[in-house]
Each structure stands twice: as C-alpha cells, then as structure tokens.
Amino acid sequence: HINDPPVLINHSDAAPTDESNMTLPHRRIYVITTASLPWRTGTAVNPLLRALYLTRYVHPTSRVTLVVPWLTNEEDRRKLYGGSNCFETADAQEEWVRHYAAESCGCEAESDVMDVLWYPAVYKSNFGSIFPTVDICTLIPAAEADVAVLEEPEHLNWLKVHSNLSSEDYWTSRFKHVVGVVHTNYEHYAKQAGFAVAAPAIGVVSTLVIRAYCHRVIKLSGVLPSFAPGKEVVCNVHGVRSEFLEIPAPTSKSASAKSPSSNDSDENSIYFIGKLVWAKGFDIMLNVQEKFRKDTGDYFPIDIYGGGPDEIAIGRAFHGRPQLIKGKTVGVEDEQHKHLQALPEANTESEAETNGKYDPKFDYSRSSSVFLNPLSLREQSLELSQKPSNDSDTSSDHIETVVKENDNSRNPLSILCDFRDRSVDTSISTSKAVYNIADKTIQAGLAMTFSFHNNEDNSMTFDPPQSRYELRRHPVPATFKGVKDHALLTSTKIFLNPSLSEVLCTTTAEALAMNKFVIIPHHASNEFFFQFPNALVYTSVADCVAKLQYAIANDPPTLPPNLKKLLSWEAATERFITSSIVARGEERIRMEKGEMKTDQRIAWIHSKTKFWGGGDHQVKRGRRDESDKKGEEKKGEDSYHDDDDDDDDMPPRGCSL
C-alpha cells in the first residue's frame with residue numbers, strides 16, 4: 001500500500017454508496033476478463049495490471065482476484081500462445097503469469113498476494129475471441145460475491161451459458177457492486193469487417209447486456225456509443241508499465257534516421273506498432289506516403305512491427321506487386337516475394353521538338369518532318385525552286401549526280417506523292433507497334449492477376465490484387481519486422497498511428513511515456529493524449545505530412561513529472577476507483593425513475609436465454625489458504641446451490657413483463 005487511496009467527499013447526495021466504495025476494509029474484488037497472457041492482447045494485459053494495482057491500493061484487509069480463461073483445448077492454447085507456451089495445466093500458466101507480473105510489471109509483492117481464478121473457455125476462430133463454457137457467476141460463492149469488475153461486459157455476456165443458479169441470480173443481483181469497463185467498439189469492428197447487417201444487432205445486444213449487468217459503466221473514451229445513460233462515465237482507467245516511464249527521450253543522435261531518405265541503419269526514426277489489420281489506418285498511412293512524396297520527392301522509410309490477418313495484403317500494398325515494380329523491390333523482408341519475377345523496363349526514345357518555331361539547322365527533308373515545318377507546303381516548294389543551280393554543266397552525268405544529291409531535299413509535294421509507295425512500310429510498322437502495345441497490355445494484365453515463378457516450367461499462380469495500392473509502380477520503403485516488445489524500441493523517435501478504430505490506444509500511451517513524438521489524428525479516441533506536448537495532432541493528410549516534417553527536424557520534449565504520472569498505473573487506478581463510485585443521490589434518482597427495475601427486467605429476460613450448456617469442469621483457484629477457502633465455500637453453500645422450484649420461471653419481484 002504505497003499510496004493513499006483517493007479522498008472521497010462524504011456529505012449529502014454526493015457521498016458514495018458503501019457498495020461502490022472500494023477503499024473500505026474487507027472488500028472482495030473480482031477482476032474478470034476474456035483473455036489471459038501470454039496472449040498479448042489488451043484484455044489480457046490491462047486487467048492483470050488493474051488487479052495488481054488494486055491489490056496495492058485497497059485496504060490491507062481486502063482481497064483481489066483475477067478471473068481469467070483456461071483454454072481446455074490444447075490446439076486453442078497452441079494457436080494463441082505459441083508452441084513454446086502450450087501449458088499442460090492451469091498451474092503452469094499461472095506461474096508464467098505471476099512471473100510476468102513480477103518481472104515485466106514491477107509488481108513482485110502484488111503478484112504473490114493476488115489470487116487467480118481460472119474458468120474453462122474455448123476459442124472461437126470465426127469471432128477471433130475467447131468465450132466461457134460455464135456461467136462464471138457459479139464459480140464465485142455468494143458469500144464472496146462483493147465487487148465484480150467486468151472487463152468487456154458485453155463480451156462476457158453475449159453467449160449465455162446455462163447454469164443451476166436461480167434466474168434471479170445474475171451479476172447485479174449476486175454482487176453488491178458491478179463495474180463494467182468497455183474496451184472495444186464491436187459494432188464498428190463488425191461494420192469494417194463487412195458484417196453491415198449484423199453490426200446493428202451486435203450493438204443492440206451489447207447495449208442491453210451492459211445496461212442489465214452493470215451498476216457503473218466506464219467507457220475508455222468518448223468514441224464509444226451510449227450504453228446506459230445515467231450510469232456511465234468516460235474516463236481513461238488504463239496506464240502503462242513502469243518500464244516505459246523510465247526510458248529517456250530519444251534524440252536526433254540516438255534516432256537511427258534523421259533524414260526520411262536515410263535507410264542505412266537497422267531501425268528507422270518513424271515506426272508503427274500494433275495489429276496488422278486494415279482497420280488500424282494503413283490506407284491513411286499510404287495516402288500520407290503519397291502526399292509526402294509529392295511534397296519532398298521521395299517516400300519516408302518506416303518500420304512496421306506486429307502481426308495480424310491482413311499482414312500479407314498490407315505488405316503488398318506498401319511494396320506493390322513485384323512484377324510491376326521497376327527493378328528490385330525495396331524493403332521487402334518476406335520470403336513470399338523472393339520467388340516473383342519483375343518485368344523488364346520498356347525502352348523509349350525521345351522525339352526532337354521545335355516548339356512551333358522554324359529552325360534552319362533542323363532537317364525538314366524527311367517525310368515525317370514535312371508536317372513539323374512551320375512553313376506552308378507552297379512556301380516550302382517555292383523555297384526549293386529558288387535555290388541557285390549550276391547551268392554551265394549540263395552533262396547527263398552531272399544531272400544524275402544532282403538528282404542523287406537532292407534526293408533528301410525533294411519538293412514536299414513529291415514527298416506527299418511518295419507516301420503511296422511507302423504505305424506498305426508504314427502499315428508494317430504500325431502493325432508492329434500495335435502488336436507491342438497489345439503484348440505489353442497482356443503482360444501487365446497477367447502481372448496484375450498472376451504471380452510468376454522462377455522454375456523449370458515457368459508456372460504462374462492466380463493471385464489477384466488484394467487492394468488498389470498493390471498496383472503501384474514505386475514501392476514504399478516499409479520494413480515489416482514482426483512482433484516485438486514496444487519497450488525495446490528505444491532509438492526510434494516518431495510513432496505514426498493514423499488509426500480511427502481505436503477506443504483508447506495503449507501503444508500511443510506507451511510511446512508518449514517514452515518521450516517520443518506521437519503523430520495521431522484529431523479523433524475522440526485520442527482526446528486524452530491532446531494534453532501532452534509531444535503529441536502532434538493532425539486534421540488532414542497535408543497536416544500529417546507537415547507534422548512529420550517537423551518531427552523529423554526536431555527532438556521530442558521530455559515530459560514533466562506531473563504529465564508522466566498521468567500515464568502511470570498508479571494514476572489510472574486512482575481514476576478507476578473514483579469513476580467506479582456511485583453517489584447516493586445518483587442511486588436515489590435512478591430508483592425513483594424506475595430505471596433499476598427496467599435493468600432487472602432486461603437481466604431476467606437475458607438470463608432465460610440459453611446458447612450452450614455448461615458441463616462439469618474443474619476450476620483452478622490460486623494462492624489461497626485452503627482452510628479459509630473451505631470455510632468460505634461452506635459459508636456460501638446454501639446460496640451457491642439452488643433447488644429447482646416454480647419461482648425460477650418468474651420475473652424479479654416488483655417487475656412486470
């Protein structure tokens with residue numbers, strides 16, 4: 001308990017209710033989330049840090065439990081955690097998580113005190129998410145059900161799992177206080193993924209379950225829609241790991257690329273880190289590249305860290321199709337592009353131009369030059385007829401010689417008449433030109449839709465472009481470097497993040513904490529970052545290019561201590577405790593308006609739905625005294641198991657359907 005809890009006002013209607021005040025002694029707080037490390041996603045890292053810092057901040061007599069999914073399918077664990085982290089038991093994964101909390105989060109004491117509860121779950125690849133296979137409420141005895149922090153409450157409650165609890169026993173009835181922290185705008189993601197028809201339904205269901213199962217709703221930013229008017233607040237309750245706050249500000253000397261055209265070192269000064277999906281704003285980044293090239297004459301090199309389902313398509317959008325690029329592709333580190341051929345560059349010859357003025361030194365005698373001569377045909381004929389001749393020599397030999405000498409300076413009328421004899425040659429040349437054009441067109445069409453292989457049979461594979469950017473002729477110098485810990489990127493100084501799909505971007509906060517320049521759009525999801533001097537906020541593509549040029553030419557400022565503290569998990573935990581409070585007057589008004597009864601009615605209806613049934617699963621509870629655990633389970637046994645009776649099919653008391 002390093003820091004004192006936030007000071008709360010205690011008078012009249014502004015006083016907090018006892019149920020919502022987490023600083024009181026003997027509180028039992030459960031932080032429940034939908035993912036676990038080593039899957040490095042926001043819903044795995046941030047809830048872990050919240051549980052650790054709540055353990056540090058709450059009263060010494062209180063206890064905090066992190067509730068995380070245990071993937072019962074080995075293939076799911078291998079897919080999300082990798083082959084080296086395919087844990088055989090929940091105990092092994094718990095030890096890994098505690099070690100990470102102690103070493104990477106700087107919370108060694110808290111990682112040993114914090115409890116861990118595992119619930120069985122499965123990974124649904126079509127959703128890209130983890131879902132519980134049991135009703136999590138059944139895993140927590142009623143005697144311990146005090147405060148529940150639902151990380152992504154909509155995600156936890158989309159698929160209702162059948163349980164033996166009473167239909168009146170759900171989150172808000174079982175727990176004294178339920179706080180929902182909304183991380184993701186799933187309706188927006190569904191629209192971007194092409195599920196325009198399903199997106200409104202996802203939004204409606206999310207709104208219903210958030211309103212029904214939360215006493216307080218915390219939205220990380222104002223970009224999220226309204227879910228529960230009257231009991232929601234907008235507050236950034238996330239922070240960054242302490243190691244980010246200890247990294248010194250990068251300078252032009254420490255940054256590896258002062259000039260945008262420099263690409264000599266292993267790391268460029270401009271970078272992006274995050275999930276490689278189009279929703280992260282890569283189309284905007286490509287437009288910025290084109291504008292930068294138009295203004296400066298060249299693209300700026302950028303390092304891109306991360307992985308994702310759109311990684312190949314995004315890489316090809318930056319590098320172009322290898323068959324269309326002139327010469328060797330720049331910045332490609334994938335093996336997928338090395339087997340592709342590049343088409344030879346076409347040869348062109350420049351034509352002489354006179355700009356509409358007569359040049360006496362220019363040879364107008366060629367048939368093609370008759371039309372380039374600014375003089376009329378009559379003037380050209382008179383000019384040739386007035387040339388002096390040697391009349392003294394009239395021998396036939398001399399006449400034949402003169403004819404040969406003047407063969408290239410004949411009268412233009414004769415030249416035009418001679419077109420008849422040369423029409424055959426012209427037709428052949430035209431046919432060759434048309435053939436060359438058609439051949440190049442066919443080659444370009446094949447290059448746009450097929451990949452060619454350097455093998456014995458010169459085979460090709462049908463490979464249509466995955467975006468319009470892929471048809472570029474000039475590759476963007478982007479290097480894709482795979483997944484890497486953000487804290488290791490100490491020499492880079494400019495973080496470019498054009499995403500408009502975020503609710504609150506953790507990597508932006510981490511880059512600010514490392515005293516880097518952060519170039520972000522003027523968007524509701526970024527409002528918290530506007531107060532930092534090294535956040536360069538742009539309003540258009542042209543403005544983004546101007547901010548890039550400024551960042552390249554200057555060093556980022558070092559954040560003062562008061563601003564650095566805002567990014568810490570200490571400050572985030574204080575904001576979370578304060579935002580979770582429900583004032584007595586607020587509770588009274590909602591009760592008088594009948595909003596609490598409406599929420600109970602929605603919860604009852606949703607509790608009657610069944611998406612899949614839960615089975616008998618073993619649940620792992622970590623780092624708790626066995627005698628205390630047995631006593632608490634015995635104490636809550638009567639309320640934990642509920643016999644079937646007729647009241648289960650009735651709505652909550654005081655509610656009408």
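Keep in mind it's a predicted model, so treat the numbers as computed, not measured.
A salt bridge links Glu502 with Lys280: the distance from a Lys NZ or Arg NE/NH1/NH2 to an Asp or Glu carboxylate oxygen falls below 4.0 Å. In summary, Glu151 and Arg50 engage in a salt bridge, as defined by a charged side-chain N under 4.0 Å from a carboxylate O. Arg98 and Asp112 are not joined by a salt bridge, as no carboxylate oxygen comes within less than 4.0 angstrom of a charged side-chain nitrogen. A salt bridge links Glu232 with Lys219: at least one charged nitrogen is closer than 4.0 Å to a carboxylate oxygen.
Nearest heavy atom pair, residue Leu245 against residue Ala513, reads CD2-CB, 3.6 Å. Smallest separation of non-hydrogen atoms from Ala487 and Met514: CA-SD, 4.4 Å. Across every non-hydrogen atom of Pro120 and Val134, the tightest pair is CG-CG1, 3.7 Å. Taking all atoms of both residues into account, the shortest heavy-atom contact from Cys105 to Leu52 is CB-CD1, 4.2 Å. Of all the heavy atoms in Ala35 and Thr41, the pair that sits closest is CB-CG2, 3.7 Å. Of all the heavy atoms in Ile247 and Asn515, the pair that sits closest is O-ND2, 3.4 Å.
Every residue two or more places apart in sequence or in another chain that forms a side-chain hydrogen bond (donor to acceptor under 3.5 Å, both in side chains) with Glu74 is listed here: Arg78. Asp485 is linked by a salt bridge (Lys or Arg N to Asp or Glu O under 4.0 Å) to Arg241, counting only residues two or more places apart in sequence or in another chain. With sequence neighbours left out, the side-chain contact (heavy atoms from CB on, under 4.5 Å) criterion links Asp310 to Val277, Trp278, Ile314. Taking the side-chain hydrogen bond (donor to acceptor under 3.5 Å, both in side chains) definition, one finds that Asn185 meets it with nothing, sequence neighbours left out. Annotation: ring pair (Phe, Tyr, Trp, His ring centres under 6.0 Å) contacts of Tyr123 (sequence neighbours excluded): none. Applying the side-chain hydrogen bond (donor to acceptor under 3.5 Å, both in side chains) rule to Thr507 yields no partners; only residues at least two apart in sequence or on another chain are considered.
Side-chain contact of Trp70 with Gln93: a donor-acceptor pair under 3.5 Å is absent, judged by distance alone. No hydrogens or angles considered: a donor-acceptor pair under 3.5 Å links the side chains of Glu144 and Tyr30. Counted by atom type alone, Ser36 and Trp118 present zero donor-acceptor pairs between their side chains at under 3.5 Å. Side-chain polar atoms of Glu243 and Ser104 form no donor-acceptor pair below 3.5 angstrom.
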### Task
Start with the C-alpha gap between Tyr57 and Glu570, add the side-chain angles, then the distance that decides, and say whether side chain to side chain donor-acceptor pair (under 3.5 Å) holds.
CA-CA 9 Å; Tyr57 268 78; Glu570 286 86 353; 5.7 Å; no
### Task
Could you go through the side chain to side chain contact (heavy atoms under 4.5 Å, CB included) check for Ile136 and Ile32 one step at a time?
CA-CA 9 Å; Ile136 302 176; Ile32 306 161; 4.1 Å; yes
### Task
Starting from the C-alpha separation in whole Å, work towards a yes-or-no answer on side chain to side chain donor-acceptor pair (under 3.5 Å) for Ser206 and Glu187.
CA-CA 9 Å; Ser206 298; Glu187 183 178 359; over 6 Å; no
### Derivation of the side chain to side chain contact (heavy atoms under 4.5 Å, CB included) call for Leu71 and Ile130
CA-CA 8 Å; Leu71 294 174; Ile130 296 174; 3.9 Å; yes
### Query
Can you check side chain to side chain contact (heavy atoms under 4.5 Å, CB included) on Leu566 and Arg575, steps first, answer last?
CA-CA 10 Å; Leu566 291 178; Arg575 295 193 296 266; 4.3 Å; yes
### Message
Let's go through Phe272 and Phe282 carefully: what are the C-alpha distance in whole Å and the side-chain angles of both, what is the deciding distance for ring-ring contact (aromatic ring centres under 6.0 Å, His included) to 0.1 Å, and is it a yes or a no?
### Response
CA-CA 10 Å; Phe272 170 87; Phe282 285 100; 5.0 Å; yes
### Task
Kindly determine whether Ile140 and Phe175 satisfy side chain to side chain contact (heavy atoms under 4.5 Å, CB included), including the steps that lead there.
CA-CA 10 Å; Ile140 303 170; Phe175 285 83; 3.7 Å; yes
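Taking CG from Leu208 and CG from Asn157, the interatomic distance works out to 11.5 Å, rounded to the nearest 0.5 Å. Atom CG in Asn497 sits 9.0 Å away from atom CZ in Phe529 (nearest 0.5 Å). For the atom pair CZ of Arg56 and SG of Cys107, the computed distance is 4.5 Å after rounding to the nearest 0.5 Å. Between Leu500 atom CG and His523 atom NE2 the span is 5.0 Å, to the nearest 0.5 Å. Rounding to the nearest 0.5 Å places CZ of Phe244 at 12.0 Å from NZ of Lys564. We find the CG-OG1 distance between Leu54 and Thr65 to be 11.5 Å, quoted to the nearest 0.5 Å.
Under the 3.5 Å distance criterion, the side-chain polar atoms of His177 are left unmatched by any main-chain donor or acceptor of Val147. For the pair Ser499 (side chain) and Ser501 (backbone), a donor-acceptor distance under 3.5 Å is present. Side-chain atoms of Asp146 come within 3.5 Å of backbone N or O of Arg28 as a donor-acceptor pair. In terms of modelled atom types and a separation under 3.5 Å, the side chain of His183 and the main chain of Gly42 share no donor-acceptor contact. Formation of a donor-acceptor pair under 3.5 Å by the Ser62 side chain with backbone atoms of Arg27 is found in this model. Although no hydrogens or angles enter the test, the distance criterion places a donor-acceptor pair under 3.5 Å between the side chain of Lys516 and the main chain of Thr492. His319 places a side-chain N or O within 3.5 Å of a backbone atom of Gly315 that can act as its donor or acceptor partner. Distance alone, capped at 3.5 Å, places no donor-acceptor pair between the Thr55 side chain and the Met114 backbone. Arg77 places a side-chain N or O within donor-acceptor distance of the main-chain N or O of Phe87, the cut-off being under 3.5 Å.
Screening Lys493, Lys481, Lys484 for a salt bridge (Lys or Arg N to Asp or Glu O under 4.0 Å) involving Asp303 leaves a single residue, Lys481.
No side-chain heavy atom of Val179 sits under 4.5 Å from any side-chain heavy atom of Leu150. At least one side-chain heavy atom of Val181 sits under 4.5 Å from a side-chain heavy atom of Leu220. The side-chain heavy atoms of Val205 and Trp158, taken from C-beta on, include a pair separated by under 4.5 Å. Proximity of Phe576 to Val149: side-chain heavy atoms (C-beta onward) are separated by under 4.5 Å at one or more points. Residues Cys137 and Tyr170 form no side-chain contact, since every pair of their non-hydrogen atoms from C-beta on lies 4.5 Å or further apart. A 4.5 Å side-chain heavy-atom check between Leu567 and Leu512 finds at least one atom pair inside the cut-off. At a threshold of 4.5 Å between non-hydrogen side-chain atoms, the residues Ile29 and Arg63 do not count as touching. At a threshold of 4.5 Å between non-hydrogen side-chain atoms, the residues Thr33 and Val68 count as touching.
Below 30°, between 30° and 60°, or above 60°: for His486 and Phe495 the angle between ring planes is between 30° and 60°, a tilted geometry. Using the six-membered ring where Trp is involved, His238 and Trp569 have ring planes that are tilted, between 30° and 60° apart.
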